[in-house]
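The structure appears right after this line, and notes come after that.
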Amino acid sequence: MAVDIHAAPGRRILFTASTWSHLANFHRPYLRALADRGYLVDGACGGAPADLPELARAVPLSLEKKMTSPKNLAAAAQIRRLLASGEYDLVSCHTALAAFFTRLAVEALPKSKRPRVVCIAHGYLFDQNTSAAKTALLAGAEKLTAPVTDLVLTMNRWDFDYASAHRLGRRVANIPGMGVDFSPLDRADPQAGLALREVLVYGAEFSRRKSQAVLLRALARLPERAALLLPGQGDLLPSCQALARELGVERRVVFPGHVSMAAWYAVANAVVPSSHSEGLPFNLMEAMHCGLPAVASDVKGHRDLICHGKSGLLYPYGDDAACARQIQILMDDPQLARSLGQAGQKAMEPFRLEAVFPCVMAEYDRLLSPAPALV
């Protein structure tokens with residue numbers, strides 16, 4: 001567990017997120033780099049703190065996923081008390097829920113005590129297809145907290161255009177995600193899957209947004225030789241298992257739970273993400289790096305990674321018949337599947353951690369630079 005270390009004002013940075021796993025999965029290289037620059041980096045997230053040695057201090061927050069939970073207001077009060085010390089030069093907030101309540105806490109501070117704030121949007125949970133009521137809630141939260149947001153970093157074109165048009169921060173910039181460390185995937189044998197035929201994979205949390213039910217219905221339309229791997233956990237896992245039984249495809253679906261994905265990519269023939277919306281999905285980038293052809297829902301985040309017909313195939317979100325037709329195209333044309341996989345693999349080069357890391361650190365350095373003197 002990280003040790004609480006005191007620092008002089010202006011030498012401390014706070015990262016906030018809904019879960020500690022978010023910091024662990026996406027931000028450890030940046031936590032380490034900022035610490036190497038002489039900052040003490042603290043984390044404040046929902047749940048019991050994770051063991052992140054890069055952190056100087058780990059603060060558990062009472063965050064709950066339901067936006068209207070009173071516990072979230074209590075978490076905002078926790079963050080406000082933390083920031084009131086005046087120690088922090090910068091707050092880096094992540095995930096929609098934590099980012100909103102973090103910025104509410106900043107708004108409650110006297111202007112003289114407010115640190116600079118960067119909000120990294122890992123995918124707004126709304127788009128042009130979202131209901132008016134949900135958009136009003138989620139987009140309204142972003143607009144309400146925009147005045148204290150010095151920088152918004154988006155990861156896909158739709159989010160960037162929306163954040164720019166609605167002025168969701170003093171400055172808006174787009175980055176190619178947080179960068180993916182592909183090196184663990186390179187240890188897997190990409191030929192291992194050739195002994196199996198037409199194995200489809202999608203590793204993700206079982207939730208409404210990820211929409212695995214679409215894949216199960218698509219599988220029921222495909223020939224018996226098609227099989228589906230659905231690694232992951234989540235609230236909707238039992239209902240998806242029940243749907244597989246109802247559709248009569250349970251023998252063609254594997255639900256292995258939370259696993260390391262490298263071996264599963266090695267035995268698969270295609271990646272089939274079905275999400276309703278994305279920021280810039282690691283799971284798809286990893287699979288494409290492994291050379292798997294992609295059949296993905298035509299939504300933001302996926303469109304930023306796939307050029308339809310050149311580096312993958314897209315289908316209208318939620319249309320299981322269209323999904324099945326695109327998968328069938330790959331099954332019927334192995335040469336096309338190979339060429340799409342090869343093109344997709346090349347398309348992932350700009351998203352390597354080595355390429356993205358300097359871009360993100362440049363944004364942090366810009367915010368951490370002393371403000372120019374007024375004349």
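These numbers were taken from a predicted model, which means no experiment stands behind them.
Below 30°, between 30° and 60°, or above 60°: for Phe26 and Phe282 the angle between ring planes is above 60°, a perpendicular geometry.
For the residue pair Tyr202 and Gln212, no side-chain donor N or O sits within less than 3.5 Å of a side-chain acceptor on the partner. Side chain to side chain, Ser274 and Tyr317 fail the donor-acceptor criterion of an N or O pair below 3.5 Å. Ser275 and Glu278 form a side-chain donor-acceptor contact under 3.5 Å, judged by distance and modelled atom types alone. With no hydrogens or angles considered, a side-chain donor-acceptor pair links Ser18 and Thr95 at under 3.5 Å. In summary, the side chains of Asp161 and Ser164 do not present any donor paired with an acceptor at a separation below 3.5 Å, with no hydrogens or angles considered.
Within a 6.0 Å sphere centred on NZ of Lys143, heavy atoms belonging to other residues, nucleotides or ligands number more than 12. More than 12 non-hydrogen atoms from other residues, nucleotides or ligands lie less than 6.0 angstrom from CZ of Arg170. Summarising the local packing, CZ of Arg37 is surrounded by more than 12 heavy atoms from other residues, nucleotides or ligands at distances under 6.0 Å. Counting non-hydrogen atoms of other residues, nucleotides and ligands closer than 6.0 Å to CD of Gln128 gives a total above 12.
Looking at Arg208 and Asp235, no side-chain N of the basic residue comes within less than 4.0 Å of a carboxylate O on the acidic one, giving no salt bridge. In this structure, Glu349 pairs ionically with Arg352, as a charged nitrogen and a carboxylate oxygen lie closer than 4.0 Å. Between Glu205 and Lys65 there is a salt bridge, with a side-chain nitrogen of the basic residue lying less than 4.0 Å from a carboxylate oxygen of the acidic one. Look at Asp320 and Arg221 and you find a salt bridge, because one of the NZ, NE, NH1 or NH2 atoms lies within 4.0 Å of a carboxylate O, short of that distance. A salt bridge between Arg251 and Glu224 is absent, with no side-chain N of the basic residue lying under 4.0 Å from a carboxylate O of the acidic one.
For the pair Arg28/Leu23, no side-chain contact is recorded, criterion being any heavy-atom separation below 4.5 Å from C-beta on. No side-chain heavy atom of Phe357 sits less than 4.5 Å from a side-chain heavy atom of Asp181. Using a 4.5 Å cut-off on side-chain heavy atoms (C-beta onward), Met348 and Leu305 make contact. Between Gln326 and Val272, every side-chain heavy-atom pair lies at or beyond the 4.5 Å cut-off.
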Take Asp89 and Arg116 through the test side chain to side chain contact (heavy atoms under 4.5 Å, CB included) and record every step on the way to the result. CA-CA 6 Å; Asp89 193 52; Arg116 294 177 183 178; 5.6 Å; no
List the steps, then state whether side chain to side chain contact (heavy atoms under 4.5 Å, CB included) holds for Leu340 with Leu313. CA-CA 8 Å; Leu340 291 176; Leu313 300 175; 3.9 Å; yes
Report the C-alpha separation of Thr149 and Arg103 in whole Å, then their side-chain angles, then the decisive distance to 0.1 Å, and conclude whether the side chain to side chain donor-acceptor pair (under 3.5 Å) test is met. CA-CA 8 Å; Thr149 308; Arg103 288 177 290 173; 3.1 Å; yes
With salt bridge (Lys or Arg N to Asp or Glu O under 4.0 Å) as the test, would you mind laying out the steps for Glu250 and Arg245 before giving the verdict? CA-CA 5 Å; Glu250 68 273 21; Arg245 292 190 294 271; over 6 Å; no
Between His94 and Thr16, does a side chain to side chain donor-acceptor pair (under 3.5 Å) hold up when you go through it step by step? CA-CA 6 Å; His94 308 270; Thr16 66; over 6 Å; no
Dump the intermediate steps for side chain to side chain contact (heavy atoms under 4.5 Å, CB included) on Tyr315 and Asp298, then the final yes or no. CA-CA 5 Å; Tyr315 65 90; Asp298 187 4; over 6 Å; no
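Listed here is the closest heavy atom pair of Val148 and Arg114: CG1-NH1, 3.7 Å. In plain terms, the two heavy atoms of Val356 and Pro176 that are nearest each other are CG2-O, 3.4 Å.
Residues Leu138 and Val299 do not share a hydrophobic cluster, clusters being chains of Ile/Leu/Val/Met/Phe/Trp/Tyr side chains in contact below 4.5 Å. Residues Tyr162 and Leu137 do not share a hydrophobic cluster, clusters being chains of Ile/Leu/Val/Met/Phe/Trp/Tyr side chains in contact below 4.5 Å.
Atoms CG and CG, on Leu216 and Leu230 in that order, are 6.0 Å from each other to the nearest 0.5 Å. Atom CG of Leu125 sits about 9.0 Å away from atom CD of Glu142, to the nearest 0.5 Å. Summarising the geometry, atom SG belonging to Cys93 is positioned 13.0 Å from atom CZ belonging to Phe101; distances are rounded to the nearest 0.5 Å. With rounding to the nearest 0.5 angstrom, the SG atom of Cys119 is 8.0 Å from the NE2 atom of His122. For the atom pair Ser277 OG and Phe126 CZ, the distance stands at 10.0 Å (nearest 0.5 Å). The OG1 atom of Thr154 sits 10.5 Å away from the CD1 atom of Ile120 when rounded to the nearest 0.5 Å.
Formation of a donor-acceptor pair under 3.5 Å by the Ser297 side chain with backbone atoms of His276 is not found in this model. Judged by distance alone, the side chain of Tyr30 and the main-chain N or O of Met178 form a donor-acceptor pair under 3.5 Å. Between the Glu87 side chain and the Arg12 main chain, no donor and acceptor come within less than 3.5 Å of each other. A donor-acceptor pair under 3.5 Å links the side-chain atoms of Asn269 to the main chain of Glu198, judged by distance alone. The closest donor-acceptor contact from the side chain of Asn156 to the backbone of Leu280 lies at 3.5 Å or more, if one exists at all. Side-chain atoms of Gln78 come within 3.5 Å of backbone atoms of Pro60 as a donor-acceptor pair (strictly under, hydrogens ignored). In terms of modelled atom types and a separation under 3.5 Å, the side chain of Asp159 and the main chain of Tyr124 share a donor-acceptor contact. Of the possible donor and acceptor atoms, one in the side chain of Lys113 sits under 3.5 Å from a partner among the backbone N and O of Ala84. Side chain of Arg80 to main chain of Leu109: no donor-acceptor pair is present (N/O by atom type, distance under 3.5 Å, no hydrogens or angles). Of the possible polar contacts, one joining the Asp304 side chain to the Gly301 backbone as a donor-acceptor pair under 3.5 Å is found.
The only option from Ile13, Asp42, Leu14 that meets the side-chain contact (heavy atoms from CB on, under 4.5 Å) definition with Val91 turns out to be Leu14. When each of Leu200, Leu228, Leu222 is tested with Arg252 by the rule side-chain contact (heavy atoms from CB on, under 4.5 Å), just one qualifies, namely Leu222. Residue Met261 is tested with Leu229, Asn283, Val201 for a side-chain contact (heavy atoms from CB on, under 4.5 Å); the sole match is Val201.
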